[in-house]
Number of protein chains: 2
Amino acid sequence: YAPTRCTTAQTSVEQGILPPCHHHETVHDPQLVPCTCPLFSCPWEGHLEVVVSHLRQTHRINILQGAEIVFLATDMHLPAPTDWIIMHSCLGHQFLLVLRKQEKYEGHPQFFATMMLIGTPTQADNFTYRLELNRNQRRLKWEATPRSVLECIDSVISDGDCLVLNTSLAQLFSDNGSLAIGIAITTSKVHNAEAEI
Amino acid sequence: YAPTRCTTAQTSVEQGILPPCHHHETVHDPQLVPCTCPLFSCPWEGHLEVVVSHLRQTHRINILQGAEIVFLATDMHLPAPTDWIIMHSCLGHQFLLVLRKQEKYEGHPQFFATMMLIGTPTQADNFTYRLELNRNQRRLKWEATPRSVLECIDSVISDGDCLVLNTSLAQLFSDNGSLAIGIAITTSKVHNAEAEI
């Protein structure tokens, strides 16, 4: 098993706004292998157990507590590529919300939001996350199983297997350049039962 | 007030799958003006009161009854542009679901889904519609106020102010090439109250 690594280095890492990391491989048994910071521009590697402290100490990423939280992503006008990131502590685990502005089609930036468990893919399968936007008489909800931070966030986003917003929809859901994202995590025993049928 | 009109004529109108109509103007007082078929390729005009019978008789569009229904759009692989259309009779009104496959970015077809009231914009403001996709441990919900069929569906879709799906997400939500869309309509007095605050 090869470790995932941030191979690309970029300069600007603003506080709370981190450019994307480029992973090129997926790790399926992370217990034995070093893992890495899921953020762009960071060459750090380490075991899963110390990812949270790395994210807090090196990148100053905040942790919000509670089953349901609201994350306010500010300065949505910043040019692509940009990441907005928050950690969410819930049900005995830490999750990472990544909101990425990216130009999948040149000249047409879109927003992609997904949650990742700071844990293994097997652990991630036990949870369901929900992202909710609610403004201007519109409501958009996305529910899915979180990925593990050991998987490649870039492929999640390039596949579009996440909450996707075009610019005009992001503006409709934004207030004064800020996007409020409601986040909820639940355990997903029902999902696993369904999968077995 | 100028009437909206289908100016573009195309050949293929398959049963239940109708290519898009091009409207270029929005009508705000439809009581006095002729309205038109919201479908591509159809030059028909008539008052709001007879739109439903026109859609049924000329285009053989089905009407589903009930507060909550499921519309199964088949043959999602058909090339863009393609429309899937169903009428939904609910709360004393008829609504039109339009699911459109369109290449907003060349070579990258996307799916856009919205509901329109067969009624005036003022009447439409009294309702909220919800579209829900649910499959493969993913759930996507979109809630908004329906537009009136007198408004331009093309601008709703080109603005992306609707449920938007990329191809890979549409595949994840599809079963054997068919997409099941849960549809619910409610009255939206709460929304109006919120808007006044």
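This is a predicted model, so every value here is computed, not measured. Chain letters run A, B, ... following the sequence lines, proteins first and then strands; every chain starts at 1.
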*Check each atom of B:Phe173 against the heavy atoms of chain A and say whether the ones under 4.5 Å are side chain, backbone, both or neither.*
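Answer is side chain: those atoms of B:Phe173 sit under 4.5 Å from chain A.
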_Less than 4.5 Å to any heavy atom of chain A: does that hold for the side chain of B:Gln110, its backbone, both, or neither?_
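Just its side chain gets close to chain A.
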_Taking every non-hydrogen pair under 4.5 Å, which of A:Lys141, A:Arg130, A:Lys104 racks up the most with chain B?_
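Ranked by heavy-atom pairs under 4.5 Å with chain B, first place is A:Lys141.
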*asked:* Quick check for you: among A:Asp159, A:Leu131, A:Leu163, A:Leu133, which has the greatest number of heavy-atom pairs under 4.5 Å with chain B?
replied: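 Option with the top pair count is A:Asp159.
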Identify whether [X] and [Y] are in the same connected component of the hydrophobic contact network (ILVMFWY, side-chain heavy atoms under 4.5 Å).
X: A:Val149; Y: A:Ile63; value: yes
X: A:Val156; Y: A:Val98; value: no
X: B:Ile157; Y: B:Tyr105; value: no
X: A:Leu72; Y: A:Val70; value: no

*Audit row: A:Leu165, B:Val164, side chain to side chain contact (heavy atoms under 4.5 Å, CB included) steps and yes/no*: CA-CA 8 Å; A:Leu165 288 179; B:Val164 184; over 6 Å; no
Less than 4.5 Å to any heavy atom of chain B: does that hold for the side chain of [X], its backbone, both, or neither?
X: A:Asn166; value: side chain
X: A:Glu106; value: neither
X: A:Leu140; value: both

*Counting heavy atoms not belonging to B:Arg56, are there more than 12 under 6.0 Å from its CZ?*
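Atom CZ in B:Arg56 is not packed in, count stays at 12 or less.
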*Write down the atom of A:Gln137, the atom of B:Thr145, and the distance for their closest heavy-atom approach.*
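For A:Gln137 versus B:Thr145, the nearest heavy atoms are OE1-OG1, 3.0 Å.
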